[in-house]
2 protein chains.
Amino acid sequence: MSKVSLKALSEKLGLTEGTVSRALNNYTDISEKTRERVRAAAQEMGYRPNSSARRLAIGNAECVGYVMSWQLGHLSEPFLGELLDGLSESLSDRHWDLTLAVSRSAQDELAIISRMAQSGRVNGLVISRTLTHDPRVDRMREIGIPFVTHGRTANSDEHAWFDIDNYSAFREAVAHLCQLGHRRISHIRGPLEYNFAASRHAGYRRGLLDHGLDLYPELEAKSDMSENGGYRAMRYLLSLQKPPTAVVCVSDSVALGAMKAIRERGWRPGREVSVIGYDGLPLGEHTDPPLTTMAQPLQTAGRKIGDMLLAVIDGADPKQQQELWSATLERRETDGPPMAEQS
Amino acid sequence: MSKVSLKALSEKLGLTEGTVSRALNNYTDISEKTRERVRAAAQEMGYRPNSSARRLAIGNAECVGYVMSWQLGHLSEPFLGELLDGLSESLSDRHWDLTLAVSRSAQDELAIISRMAQSGRVNGLVISRTLTHDPRVDRMREIGIPFVTHGRTANSDEHAWFDIDNYSAFREAVAHLCQLGHRRISHIRGPLEYNFAASRHAGYRRGLLDHGLDLYPELEAKSDMSENGGYRAMRYLLSLQKPPTAVVCVSDSVALGAMKAIRERGWRPGREVSVIGYDGLPLGEHTDPPLTTMAQPLQTAGRKIGDMLLAVIDGADPKQQQELWSATLERRETDGPPMAEQS
DNA sequence: CTTGATTCCGAAAGCGCTTTCGGAATATTA
DNA sequence: TAATATTCCGAAAGCGCTTTCGGAATCAAG
């Protein structure tokens, strides 16, 4: 690729490679005059230091990795793009790269982590969708590579993480429904191995208890993270003797499916049964009716995660790199007071 | 990171680094016995060749880049995840990496391309959302780095590309509406600089002509690629003296916004005005009513693009690496015959 | 004008791996 | 057994860049 090497440049300048290198890297032992001369020549010849060579010499990959799992339809997560955007923004300040790896199995994922870390391909890693007990963080810690998780784990005290306060978010969502007068509040939850799903679930339960409501297992429906999962779960809930008057969903996507089930029954979301989603997706404004949701601030999450990772790489104490942000209730039109008892 | 180097490994084995290297890389001049011995030791010590060193020596980055632009809300594109997934799947066969770069301006994007290519950081590039006249492909060609575009350009004959036949898709969508009896068919189009938007627009027009319909500029509304853009565009169309009885939208997202505008007027998509989207997003099944759409097969597009890029890198003629796939009409419930004239 | 402190650059040693080349050691053929 | 052909590995030269070290040349101080 790069036809112009340091050697070519230095020969043209009548300097040694070392000198040119130092000039370009702003060493103080190079006179301002020659530094400029070198810069100009480099510019003119279109010199680009070979990354592999530089990285080898410098002993640094100038690169971090994001490893995402194939599971859970992770790839279609709404936060993917934003996260990558923020990450790369953070990295671009120092001209570092972002390498992506997607795994095809849990085993595969651990292998990928090891390989990327131990081959010196990256200086740090970030993973998303943490499990409560996540073998990936064990692996990363054992390897000793800097990392930050997007989402907490059971022993998050030990590492750097970024998370949204899912627990409080769902507690708040339930509180909101209670204030509207609901007492039969359902939850369509995600796979509980995932920390975020477990937190939301726990927050939901806590919300009920806050308001003196009992926990009814039949009011909790399991789902994957897809619209279809939400649809099926909601159909189940609607088939109950006494269907819930409100349901909080693990995500906006799931809420979308739930809404469809509600409509199919001839009911209307926000009237016969309120529904609250989670994510704050823009498309929620355009559903029928517009979806009330707990909106998470993901526009800058990636940026923050990147900054945290860089800090850890720079030697910061991972335990100090922990950030918990909050979601906020965004009322649209799928939440309303319960209708008069009807059975 | 990697504590065990080739040197350490070779010393432990009582062999030279060169020999160990050759053993690990399956050179034929190493006896099967020592090869096995080396493998075992490598495995045991957890040896991982340092990537930077390997890449430098080998003169190959073992890596390709995907550069995405910040524009157009590209990041939230539905195909992002699938594309990355497919790409990485293709690359993982040879254990190559995928590095991501997101640009913050058109200028920036060109700079990124140059830097990645000329610093030998990647062996090839892929870009999405091509413009009809795309300076990025000019740049890549001028640099001489292998690449494939996701979407065609004005001079696509010259390079490798993957695309969906947008033109035919929209022509077909219009044909479908005509067969249902529609004669006032609108199009909410995207920014025409983008090749895909221009193709869809052209396909729409061609569809009208196919059926002997005239082109009315006022029936074409411009929009960005967001739900909101579709919403505003549709409001405009509904404000016409004689609103269209059907509208084909540049994307499902845009269609979502359009549907909202239709509902707000007290009408129902598929009854007073039919709407057809494009993308085939799963969430379209759960809108109200479920969105009829031209579905594109993106599950394997990434894989294909990756394979094509690899082929070009391996020396294949870029002009032979061109692939055009078709979208297919997925009828759901937003298409129907026009209602009786009503004004 | 000499001595010592500064500037500024050349020389050279890597970074960790790959690959070519040549030559022992062993096997094959006459 | 001698001569030729094979097998298998050691030695060494890079890949392109960074960085330490030392020494001219230039400066300020005596």
side-chain N/O A/Ser21 vs D/dC17 OP1/OP2, d < 4.0 Å: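 It does not, given that no N or O in the side chain of A/Ser21 lies less than 4.0 Å from OP1 or OP2 of D/dC17.
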Listed once per pair and sorted, the salt bridge (charged side-chain N to carboxylate O under 4.0 Å, His left out) pairs that draw on residues 17-30 of chain A, sequence neighbours left out: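 For residues 17-30 of chain A: A/Arg22-A/Asp29.
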Intermediate values then yes/no, side chain to side chain contact (heavy atoms under 4.5 Å, CB included), A/Gln321 and A/Val148: CA-CA 8 Å; A/Gln321 301 294 321; A/Val148 13; over 6 Å; no
For [X], which residues count as a side-chain hydrogen bond (donor to acceptor under 3.5 Å, both in side chains) partner, sequence neighbours excluded?
X: B/Thr16; value: B/Thr19
X: B/Thr153; value: B/Asn155, B/Ser156
X: B/Ser114; value: B/Arg139

Given side chains that start at C-beta, do those of [X] and [Y] come closer than 4.5 Å, heavy atoms only?
X: A/Leu100; Y: B/Tyr66; answer: no
X: B/His95; Y: B/Glu62; answer: no
X: B/Leu310; Y: B/Leu91; answer: yes

Backbone N/O of A/Thr34 and side chain of A/Ser31: donor-acceptor pair under 3.5 Å: yes
Interatomic distance where CZ belongs to B/Arg55 and C1' belongs to D/dC17 [whole Å]: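 Value for this atom pair: 16 Å.
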Strand contacts (DNA chain D) in residues 36-45 of chain B, 4.0 angstrom heavy-atom criterion: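 Correct list: empty, so none.
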Where do N or O atoms of nucleotides 14-16 of chain C meet protein N or O atoms at under 3.5 Å, pair by pair?
{"residue": "C/dC15", "atom": "O2", "partner": "A/Ala57", "partner atom": "N", "Å": "3.3"}
{"residue": "C/dG16", "atom": "N2", "partner": "B/Ala53", "partner atom": "O", "Å": "3.4"}

Angle between terminal axes - the helix from C/dA5-D/dT26 to C/dA30-D/dT1, 5 pairs each end, rounded to 10°: 50°
A/Phe147 and A/His159 aromatic ring geometry - parallel, tilted or perpendicular at 30°/60° bounds: tilted
A/Arg129 charged N/C atom sitting above A/Tyr194 aromatic ring, 6.0 Å / 45°: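 Not satisfied by the 6.0 Å and 45° rule.
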Which atoms of nucleotides 26-28 of chain D (N or O only) lie under 3.5 Å from a protein N or O atom, and what are those distances?
none

Base-contact (B) and sugar-phosphate-only (S) positions in nucleotides 6-11 of chain C, heavy-atom cut-off under 4.0 Å, - elsewhere: --BBBB
Can you list the residues that meet the salt bridge (charged side-chain N to carboxylate O under 4.0 Å, His left out) rule with [X], with sequence neighbours excluded?
X: B/Arg136; value: B/Glu109, B/Asp134
X: A/Lys7; value: none
X: B/Glu11; value: none

Over 12 non-hydrogen atoms of neighbours within 6.0 angstrom of CD in B/Gln107: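 Counting neighbours around CD of B/Gln107, 12 or fewer heavy atoms of other residues, nucleotides or ligands fall under 6.0 Å, so no.
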